[in-house]
Undergrad: 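Quick one: the structure is below, questions incoming.
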Amino acid sequence: MPELPEVETVCRGLAPVLEGAVLRNVIVRQPKLRFPVPPRFSDALAGQKILTVRRRAKYILLEMEKDNVVIGHLGMSGRMTIYQTPREASAPGRHDHIDFETAAGPIVRFADPRKFGLMLLTDQGSLEDHKLIRHLGPDPLGNDFNETVLAVALKGRKTTIKAALLDQKTLAGLGNIYVCEALFRAGLSPRRKAATVQGVRAARLTQAIRAVLLEAIAAGGSTLRDHKQPDGELGYFQHSFKVYGREREPCPGCDCDVAKTGGIGRLVQSGRSTYFCARKQR
DNA sequence: ATTGGTTCCTGCTGGC
DNA sequence: TGCCAGCAGGAACCAA
């Protein structure tokens, strides 16, 4: 599941190939994604130069020379792959929905079996007004995020800290995996009321979020089922998960007997699995 | 205003 | 061994 570190990894992989590249052609084989790919998508992009590749929350942004922006999202199972030559990119599979063909030769292909991803195009100069962008909270790795900002964002929230962190309006870029990992590192129960995370707890959580994201990016993201870097390299951070997917395994922070404690616990919040240690997280 | 439930989709898994 | 129901989950949307 691509979250912030995976998307960051993808953007870093795409930048050397796409930044400054001219799009010779854009092929849309399957427009039925999370939202329909706009009919004008190909025509509006063909012939244009890509100025920058950057990430906003879990969105991949291709900023074009005509001041319009491609907004991409990998959803659950999306993948971007670089093919160095058209020959390598021949015979697209049934989930290979969009090809970005550069004039220099390399092709970037968007594939997404579950079609939860999307590929949209903004009007000129309107990125920040876009409905998918305008409600996003601060980026946890950005300059406008710190423990005070987090505390203010959580103040008065009646929901759990788990749900609040998954909400992209609070903080943009975390998903289920990294919320579980950050809460474990911060020693905070996923069931705790969000509003009670103030002061030192907000500071601990801020540091935990930053640390886990930076470590994950350094490892190339996490490869569960789908994520690969655009050059085909896997990510390796899944081996560093402390709690995610580790139900009934011993808690790495406890020295207690799994037979007695049951090890890492699992519960369902907001329809998603939460993994946690009831002894270390309060 | 917030919040919880529903929905989209396909591949994988576990139970028989 | 093989089948298939159920699960996984990002986030917009809707209802309360």
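Note that this is a predicted model, so its numbers are computed, not measured.
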Undergrad: Would you say a side-chain N or O of A:H73 is under 4.0 Å from OP1 or OP2 of C:dA11?
TA: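 A:H73 to C:dA11 OP1/OP2: side-chain N or O found under 4.0 Å.
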Undergrad: Send over the distance from A:L4 CG to C:dA11 C1', rounded to a whole Å.
TA: 16 Å
Undergrad: So, is A:K115 close to the B:dT10 phosphate, meaning a side-chain N or O under 4.0 Å from OP1 or OP2?
TA: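 Yes, such a contact exists.
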Undergrad: Using whole Å, what does the distance between atom P of nucleotide B:dC9 and atom CZ of A:F35 come to?
TA: 13 Å
Undergrad: Can a side chain N or O of A:Y244 be found less than 4.0 Å away from OP1 or OP2 on C:dG9?
TA: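 Indeed, a polar side-chain atom of A:Y244 lies that close.
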Undergrad: Does B:dC9 have its OP1 or OP2 closer than 4.0 Å to a side-chain nitrogen or oxygen of A:R94?
TA: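 For B:dC9, neither OP1 nor OP2 has a side-chain N or O of A:R94 closer than 4.0 Å.
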Undergrad: Is the cationic atom of A:R246 (NZ for Lys, CZ for Arg) positioned less than 6.0 Å from the six-membered ring centroid of A:F241 and within 45 degrees of its normal?
TA: no
Undergrad: If only side-chain N and O atoms of A:S77 are considered, is one of them under 4.0 Å from the OP1 or OP2 phosphate oxygen of C:dG9?
TA: no
Undergrad: Ignoring backbone atoms, test whether A:R34 places a side-chain nitrogen or oxygen under 4.0 Å from the OP1 or OP2 oxygen of C:dG9.
TA: no
Undergrad: Looking at the base of B:dA1, is there any donor atom on it, or on the side chain of A:R157, that sits under 3.5 Å from an acceptor on the other one?
TA: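 Answer is no: no donor-acceptor pair is held.
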Undergrad: Using a cut-off of 4.0 Å on non-hydrogen atoms, how would the nucleic acid contact of A:R134 be classed: base, sugar-phosphate, or nothing?
TA: nothing
Undergrad: Whether A:R134 and A:D129 form a salt bridge (side-chain N of Lys/Arg under 4.0 Å from carboxylate O of Asp/Glu) is what I want to check.
TA: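 Salt bridge absent between A:D129 and A:R134.
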Undergrad: Using atom types as modelled and distance alone, determine if a side-chain donor or acceptor of A:Q168 lies under 3.5 Å from a backbone N or O of A:G137.
TA: no
Undergrad: If you find the nucleotide of DNA chain C closest to A:F116 and the one closest to A:K131, which residue's nucleotide is nearer the 5' end?
TA: A:F116
Undergrad: For the residue pair A:R191 and A:T274, confirm or rule out a side-chain donor-acceptor distance under 3.5 Å.
TA: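 No, because no side-chain N or O of A:R191 sits under 3.5 Å from a partner of the opposite role on A:T274.
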Undergrad: Between A:D123 and A:K66, does any side-chain N to carboxylate O distance fall below 4.0 Å?
TA: no
Undergrad: Under 4.0 Å, heavy atoms only, any strand: does A:S270 hit a base, just the sugar-phosphate, or nothing?
TA: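 Counting heavy atoms under 4.0 Å across all strands, no contact is made by A:S270.
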Undergrad: Tell me: CG of A:L154 to P of B:dA1, nearest whole Å?
TA: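 The distance from CG of A:L154 to P of B:dA1 comes to 20 Å, rounded to the nearest Å.
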Undergrad: Rounding to an integer number of Å, can you tell me how far A:R114 CZ sits from C:dC7 C1'?
TA: 10 Å
Undergrad: Please report the distance, rounded to the nearest Å, between CZ in A:R79 and C1' in B:dC9.
TA: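 My rounded result for the distance is 17 Å.
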Undergrad: Would you jot down, in residue-number order, the residues of residues 160-185 of chain A having a non-hydrogen atom under 4.0 Å from DNA chain C?
TA: A:Q168, A:N176
Undergrad: Taking CG from A:L118 and C1' from C:dG10, how many angstroms apart are they, rounded to a whole number?
TA: 10 Å
Undergrad: Is any NZ, NE, NH1 or NH2 atom of the basic residue among A:E8 and A:K58 found under 4.0 Å from an Asp or Glu carboxylate oxygen of the other?
TA: no
Undergrad: Is there a side-chain polar atom (N or O) of A:T159 under 4.0 Å from OP1 or OP2 of B:dT2?
TA: no
Undergrad: Taking atom types as modelled and ignoring hydrogens, do the side chains of A:T52 and A:E63 form a donor-acceptor contact shorter than 3.5 angstrom?
TA: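 Checked: A:T52/A:E63 side chains pair up, N/O donor to acceptor below 3.5 Å.
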Undergrad: Just how far, in rounded Å, is P of C:dA12 from NZ of A:K58?
TA: 10 Å
Undergrad: Nearest to the A:P113 side chain among C:dA11, C:dA12, B:dG11, which nucleotide is it?
TA: B:dG11
Undergrad: Mind calculating the distance between CZ (A:R272) and C1' (C:dG6) to the nearest angstrom?
TA: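 These atoms are roughly 18 Å apart.
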Undergrad: With a 4.0 Å cut-off, would you call A:E65 and A:K49 a salt bridge?
TA: no
